[in-house]
There are 2 protein chains.
Amino acid sequence: MADVAEKAGVSRALVSIVFRNQPGASQETRERVLRVADEIGYRPDSAARLLARGRSRTLGVMFTVHQTFHTDLIAGIYPEAERLGYDVLLSAAAYGRSEEKAIEALLGHRCEAVILLGPDAESAYLDELGHRTVTVSVSRRVPHARVDFVHSAEGKGVRQAMDHLVELGHRRIVHIDGGRGPGSAERRRAYRAAMRRHGLESDVRVIPGAHTEESGIETGRLLLAERDRGRPLPTAVLAGNDRCAMGLLMTLTRAGVEVPRDVSVVGYDDSHLSHLMPIGLTTVRQDAVLMAEHAVRFAVDRLEDRGLEPREAVLDPKLVVRGTSGPAPREPA
Amino acid sequence: MADVAEKAGVSRALVSIVFRNQPGASQETRERVLRVADEIGYRPDSAARLLARGRSRTLGVMFTVHQTFHTDLIAGIYPEAERLGYDVLLSAAAYGRSEEKAIEALLGHRCEAVILLGPDAESAYLDELGHRTVTVSVSRRVPHARVDFVHSAEGKGVRQAMDHLVELGHRRIVHIDGGRGPGSAERRRAYRAAMRRHGLESDVRVIPGAHTEESGIETGRLLLAERDRGRPLPTAVLAGNDRCAMGLLMTLTRAGVEVPRDVSVVGYDDSHLSHLMPIGLTTVRQDAVLMAEHAVRFAVDRLEDRGLEPREAVLDPKLVVRGTSGPAPREPA
DNA sequence: TACTCGGACTAGAGCGCTCTAGTAGAGCGC
DNA sequence: GCGCTCTACTAGAGCGCTCTAGTCCGAGTA
């Protein structure tokens, strides 16, 4: 920086002004400084800048490698953060790298706020974190913790999906549970409620699972094995999320079960996988971009006005009917 | 830090020593300092640390959101970097966020080296980058650029896959090209060479595609349409990567084409998707963990010894035979 | 002319660390 | 006692910026 200042014949302070795009420098000088900087290959050191400024204007994002929906969210976080003048730092949790570790890394880099995508850490930890920094949780409700919360109205989404299936004549609708996955408790509850509302209480069946392809595959195998033992297949399955639906779909199709002729499958998330299937997955869309924007906005709002309390955004999901849901097969009389 | 020093009754320098785990402090003092720090909630500011140290000991990783293989790589990068005492910063390229932007963000955060996962930027830019910082490219060869290069021996992988298929009796083996995707030029070349070597020159067919599910779906539709017009299906398809194979697989299965009875499908990458399919995708494994370790090691080696020239690591891929490849169907005489 | 005012620019402190050079004191041999 | 070394510790400069509190100068005003 000193080199640039000298070579451009100005003070370091002026260079700083130019690089921060602040008033106080003539157009002429601005151009000269930028030109010199470019020649020298100078690029402001964000560490020093950050140190001097006292604020980092950086948002940390913790996500889980392999969660396709997270990557959709990340793609939405960047532009919104940029629009608001914030930098984004990513830190991944992975096998062998706990969420806590990923979060601590962000904190060490002086992120002013952390946005957690579907965190799985303990409530107590998250609450403590929320007291230490502005924290936003996406998808996962963290009861009694000082964190903002962005999610979609799981209940509404499930209800739409269930109404759709019932309208198509389905009665034996099975739900594959998302286990500890974000939102699954709400989805499970909504599934039960919808079944009850449609007078299908006796057909309620929740199969324990997870938000992974494996879970869908296993459930598929389970259902097929049951069929071979005489128990009829359900006519429709409401999967825990798209990945699970994918796994199920592959297993069923592979076994000669035609979707949606024999079984209808509905997913959840509308992650980019869903449009990719040849006939398209009927699923409940969570608008990743909108969720990302809310998360960023919540974080920034609380950074700029420390008095603000954490908020909750509930976004309306929307059933997207594609090819994997159809009329219920006629019951063998 | 000053607070900690005062409360522990030592100098700031001593606190620094303790936190850097350096010799020069008694066990007793160490414990006292750490205890006080914990009470106060002190956590070293990495910006200041970085500034003072002159080195950031941070590796920047650029990846593309949605590329499943990249997430596999990331999972491998973290532990190796940690082992060598380096921090990792992630920056994603996404729709609306160019690779250059992602890379510049890393540089702005004073990453000492950047590891680019399957970069798609122009050679000239990457070369310039390579002259500015230690740069490692994974999967994508960047000719004439000053960058380390880690990849798998595409040729060997393809050859293994082709030998496998030919051994199973296949002759009409089609290759779906990966377009501009990393490694695809080599794979295409190796496919042609293998066909020639097996005396199948007249059956060579490369269908333009990309490393995406869409591409597989489109190719599937194309092949099915051709079949309907009288041209027989190929008996085997070597896809550009796993995602492409997935798309193809779904399309074919959906249309009643049985895999591998009617058509064999081979992927490339062995990304975590492949084990997840119910019958398992026959694919060429690129060992993500090993590649990640090499990439990190290359970066760190060149950081610690500036005289080192960029190197190239060619890892041997390995054909993993699973369920999607089988004997060629008997030709309708 | 004397003044104010605002735009362009500068000096220098300070951000929270690390690191070099140094001190103080204990332990040792002679 | 002396010098020596070794360990435990400290003072203070400096990392590359930002920011506050200025200075300087020319145009506008009375």
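By convention in this document, chain letters (A, B, ...) are assigned in the order of the sequence lines, proteins followed by strands, and residues within each chain are numbered from 1. For clarity, every value in this text was computed on a predicted model and none was experimentally measured.
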Exercise. Which base, if any, makes a Watson-Crick or G-U wobble pair with C:dC30, both distances under 3.5 Å?
Worked result: D:dG1
Exercise. Mind checking whether B:Phe298 and B:His294 have parallel, tilted or perpendicular rings, split at 30° and 60°?
Worked result: perpendicular
Exercise. Does A:Thr29 put a side-chain nitrogen or oxygen below 4.0 Å from OP1 or OP2 of C:dC9?
Worked result: yes
Problem set entry | Distance below 4.0 Å between A:Ser26 side-chain N/O and C:dC9 OP1 or OP2 | yes
Exercise. Is any NZ, NE, NH1 or NH2 atom of the basic residue among A:Glu128 and A:Arg132 found under 4.0 Å from an Asp or Glu carboxylate oxygen of the other?
Worked result: yes
Exercise. Within less than 4.0 Å of OP1 or OP2 of C:dT18, is there a side-chain N or O belonging to B:Arg49?
Worked result: yes
Problem set entry | Nucleotide nearest A:Ser11 (side chain, heavy atoms from C-beta), chosen from D:dC9, C:dC17, C:dA11 | C:dA11
Problem set entry | Short side-chain to backbone donor-acceptor contact, A:Glu112 and A:Arg57, under 3.5 Å | yes
Exercise. When you measure from the side chain of A:Arg12, which nucleotide among D:dG12, C:dG12, C:dC9 comes out closest?
Worked result: C:dG12
Exercise. Taking CD from A:Glu6 and P from D:dG16, how many angstroms apart are they, rounded to a whole number?
Worked result: 15 Å
Problem set entry | Side-chain N or O of A:Arg20 closer than 4.0 Å to phosphate OP1/OP2 of D:dC19 | yes
Problem set entry | Given DNA chain D, 5'-ward residue of the pair A:Arg43 and B:Gln27, judged by closest heavy atom | B:Gln27
Problem set entry | Parallel, tilted or perpendicular: ring planes of B:Phe63 versus A:Phe63, cut at 30 and 60 degrees | parallel
Seminar exercise, completed: Assert: residue with more 5' nearest nucleotide on DNA chain C, out of A:Val10 and A:Gly54, is A:Val10
Problem set entry | Atom-pair distance (CG on B:Leu50; P on C:dC17), nearest Å | 13 Å
